[in-house]
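All values derive from a computational prediction rather than experimental measurement. Just so we're on the same page: letters track the sequence lines, and every chain starts at 1.
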There are 2 protein chains.
Amino acid sequence: MLTAKQKELLLYIHERIKESGVSPSFDEMKEALDLASKSGIHRLITALEERGFLRRLPHRARALEVLKLPESAATAAPPKGRSTFRPSVVADGRSGMGIPILGQIAAGVPIEALQNEIGRIQAPDDLLGAGDHFALEVKGDSMIGAGILDGDVVLIKRTDTADSGDIVVALVDNEEATLKRLRKRGNSIALEAANPAYETRIFGPDRVRVQGKLVAMIRRYS
Amino acid sequence: MLTAKQKELLLYIHERIKESGVSPSFDEMKEALDLASKSGIHRLITALEERGFLRRLPHRARALEVLKLPESAATAAPPKGRSTFRPSVVADGRSGMGIPILGQIAAGVPIEALQNEIGRIQAPDDLLGAGDHFALEVKGDSMIGAGILDGDVVLIKRTDTADSGDIVVALVDNEEATLKRLRKRGNSIALEAANPAYETRIFGPDRVRVQGKLVAMIRRYS
DNA sequence: ATGACCTGAGACCAAAGGGTGAACGATGAG
DNA sequence: CTCATCGTTCACCCTTTGGTCTCAGGTCAT
């Protein structure tokens with residue numbers, strides 16, 4: 001999934017943001033990876049973004065956000081809080097084992113994120129109708145206008161159809177899963193964020209696959 | 001995601017709001033960052049808004065709201081509100097019947113509303129800690145800035161104490177229950193909506209009684 | 001060796017970040 | 001209405017940063 005350099009850079013960025021709250025500039029990354037030119041950094045960043053590990057605002061200084069870390073964030077990186085979770089214990093005969101939280105979702109998160117269970121949430125089954133459901137933790141602020149904030153957990157019903165106006169998990173080009181409002185525009189499909197900072201993206205019908213439909217949202221306050 | 005200046009300003013704004021409940025004016029921010037002109041502040045604010053850290057109402061005085069803090073709110077202020085979601089281990093059975101929804105709540109709802117149960121919701125008990133809980137349906141848009149919309153169901157833990165900054169159910173003059181963010185201002189108590197269209201109301205300590213504290217929120221999509 | 005391909009080096013440029021000062025406009029209280 | 005407060009915008013300036021381009025050196029399979 002990642003080359004050694006990409007992983008190194010990603011971990012460095014993550015480290016810097018965690019420590020200082022400020023993302024590094026291209027020049028700083030250049031120094032950190034011991035390069036003399038930032039053109040390489042540029043290529044690495046692009047690759048990381050394409051693979052869904054990073055998000056950035058183009059043409060903005062220090063506008064990087066780490067969306068997820070490589071599987072083995074092994075390098076001494078103290079686990080991100082969530083990793084302390086131990087899914088094992090849950091075996092009390094009752095059917096209420098909760099439904100799986102399959103990962104984080106935002107603009108730019110690849111499908112792989114939907115494979116690994118990162119936790120479970122006990123969802124009241126009166127929220128769930130029939131059908132298969134899963135949950136995702138929302139990363140980022142792209143749906144802020146719809147009252148869905150960073151860190152919220154959304155409950156998704158697995159389906160491959162949705163109506164215009166529904167909020168869905170959509171897979172674009174088999175690569176990138178994203179939570180957006182779906183609009184049908186003639187033959188095309190528009191994926192619309194609830195945040196003016198993000199622009200609506202329009203795709204041909206064959207590039208977008210609906211993976212599920214938002215049925216509920218749960219937020220917890222500390 | 002942020003530059004150093006942007007972070008500095010964001011933390012300052014957050015600090016000010018947390019302390020006084022009132023967002024600083026452009027001039028005050030100018031002073032705080034040691035600038036001679038406030039147009040720089042304006043640009044920083046714009047950048048923070050674009051990056052999703054702030055929300056504001058244009059042409060309104062002191063109408064800023066901090067939506068999220070940088071990953072490292074390094075300055076000794078880790079409380080980071082509602083941080084990464086941590087699914088806790090599923091406990092034993094749920095208390096079967098769910099918890100009661102006691103009514104709707106908004107500005108202007110009389111206490112009586114808290115007596116009649118209008119429904120029940122099955123709440124995942126990993127959202128609930130110890131203690132007595134109840135639920136309310138939110139009416140109105142007074143907390144829209146905190147991502148709480150009309151029709152949402154909020155889970156409240158019964159308590160009569162709360163910290164400044166908590167979202168609470170407060171009873172004013174034994175008459176009117178309302179869901180607001182609580183601020184302690186010296187001896188007085190401010191109840192603050194997350195919607196600049198509503199103004200913050202300030203009361204003497206004897207006029208406000210905290211009835212509970214927001215612990216979670218559930219929204220269902222049709 | 002040859003060419004395709006990758007990566008880093010270095011230079012260059014356009015644009016964003018940020019500071020200043022002044023003028024302009026909207027808001028809200030009296 | 002009038003006025004003070006406060007947000008908004010503009011022009012001007014310099015610095016920082018991101019994006020791009022070309023070139024030079026590797027690696028690898030043919």
Side-chain angles (χ1 to χ4, degrees), chain A residues 1-10 12-13 16-17 20-51 53-66 108 196-199, chain B residues 1-13 16-17 20-66 70 145 190 192-193 195-202:
Chain A
M1 190 59 184
L2 285 182
T3 69
K5 279 287 181 190
Q6 287 165 6
K7 179 180 164 193
E8 189 185 348
L9 178 58
L10 181 61
Y12 169 70
I13 295 172
R16 281 290 304 267
I17 293 183
S20 69
V22 174
S23 37
S25 73
F26 276 49
D27 268 297
E28 289 164 355
M29 292 186 267
K30 177 194 82 184
E31 297 295 333
L33 295 214
D34 205 30
L35 297 185
S37 159
K38 51 190 169 128
S39 61
I41 299 294
H42 197 275
R43 265 188 294 243
L44 289 174
I45 296 278
T46 306
L48 284 171
E49 198 183 7
E50 192 175 86
R51 288 169 170 70
F53 288 85
L54 277 186
R55 185 170 85 81
R56 77 173 146 171
L57 299 185
H59 288 287
R60 288 290 187 282
R62 299 170 187 273
L64 295 176
E65 181 179 16
V66 175
Y198 296 75
E199 51 180 68
Chain B
M1 199 56 174
L2 287 179
T3 70
K5 278 289 177 188
Q6 289 162 8
K7 181 187 164 195
E8 190 186 347
L9 178 58
L10 180 61
L11 289 180
Y12 170 69
I13 294 172
R16 281 292 304 266
I17 293 183
S20 69
V22 176
S23 39
S25 73
F26 276 50
D27 269 300
E28 288 164 354
M29 293 185 266
K30 180 194 81 183
E31 296 297 331
L33 296 212
D34 204 30
L35 297 186
S37 161
K38 50 189 170 145
S39 60
I41 299 293
H42 195 271
R43 259 184 304 222
L44 287 173
I45 297 275
T46 306
L48 284 171
E49 204 183 4
E50 179 187 61
R51 286 161 170 73
F53 288 85
L54 275 187
R55 163 175 304 210
R56 77 172 146 173
L57 283 195
H59 287 287
R60 287 294 188 291
R62 298 169 187 272
L64 294 176
E65 182 178 13
V66 175
E192 167 187 307
N195 182 338
Y198 296 74
E199 55 181 68
T200 298
R201 297 188 302 170
I202 302 179

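- Residue-level contact check: K38(A) touches the bases, meaning some heavy atom is under 4.0 Å from a base atom.
- Going from atom NZ of K30(B) over to atom C1' of dG18(C) covers 16 Å, rounded to whole Å.
- Contact check of residues 40-50 of chain B against DNA chain D (heavy atom, cut-off under 4.0 Å) returns H42(B).
- A pairwise comparison of heavy atoms in P70(B) and L10(B) identifies CD-CD2, 3.5 Å as the closest pair.
- Among all heavy-atom pairs drawn from G21(A) and L2(B), the shortest one is O-CB, 4.1 Å.
- Rounded to whole Å, atom P of dG7(D) lies 6 Å from atom CE of M29(B).
- Among the nucleotides dT9(D), dG19(D), dC6(D), the one closest to any side-chain atom of S39(B) is dT9(D).
- Taking atom CZ of R60(B) as the reference point, atom P of dG25(C) lies 18 Å away to the nearest angstrom.
- The shortest non-hydrogen separation linking R51(B) to L57(A) is CG-CD1, 3.9 Å.
- To the nearest 0.5 angstrom, K5(A) atom NZ is 8.0 Å from I41(A) atom CD1.
- In this structure, S23(A) and A63(A) approach most closely via the heavy-atom pair OG-N, 3.9 Å.
- Between dA16(C) and R51(B), no contact under 4.0 Å exists linking OP1 or OP2 to a side-chain N or O.
- Summarising the geometry, the separation between CG on L33(B) and P on dG19(C) is reported as 8 Å, rounded to the nearest angstrom.
- One interatomic measurement links the two molecules: CD of E28(B) to P of dT5(D), which rounds to 12 Å at whole-angstrom precision.
- The distance between atom NZ of K5(B) and atom P of dT17(D), rounded to the nearest whole Å, is 13 Å.
- The base of dG19(C) is not paired with the side chain of S37(B) by any donor and acceptor separated by under 3.5 Å.
- Rounded to an integer number of Å, the gap from H59(B) NE2 to dG7(D) C1' is 7 Å.
- No donor-acceptor distance shorter than 3.5 angstrom exists from the side chain of K38(B) to the backbone of S25(B), with no hydrogens or angles considered.
- Applying the side chain to side chain contact (heavy atoms under 4.5 Å, CB included) test between M29(B) and each of L44(B), L35(B), L9(B) identifies L9(B) as the sole match.
- Rotation axes derived from the C1' atoms of the five outermost pairs at either end of the helix from dA1(C)-dT30(D) to dG30(C)-dC1(D) lie 40° apart, to the nearest 10°.
- Between the P atom of dT17(D) and the CZ atom of F26(A) lies a distance of 12 Å, rounded to the nearest Å.
- Of the side-chain N and O atoms in T3(B), one or more sit less than 4.0 angstrom from OP1 or OP2 of dG18(C).
- For R62(A), the salt bridge (Lys or Arg N to Asp or Glu O under 4.0 Å) partners are E28(A), not counting sequence neighbours.
- Taking 4.0 Å as the cut-off between side-chain N and carboxylate O, R55(B) and E65(B) do not count as a salt-bridged pair.
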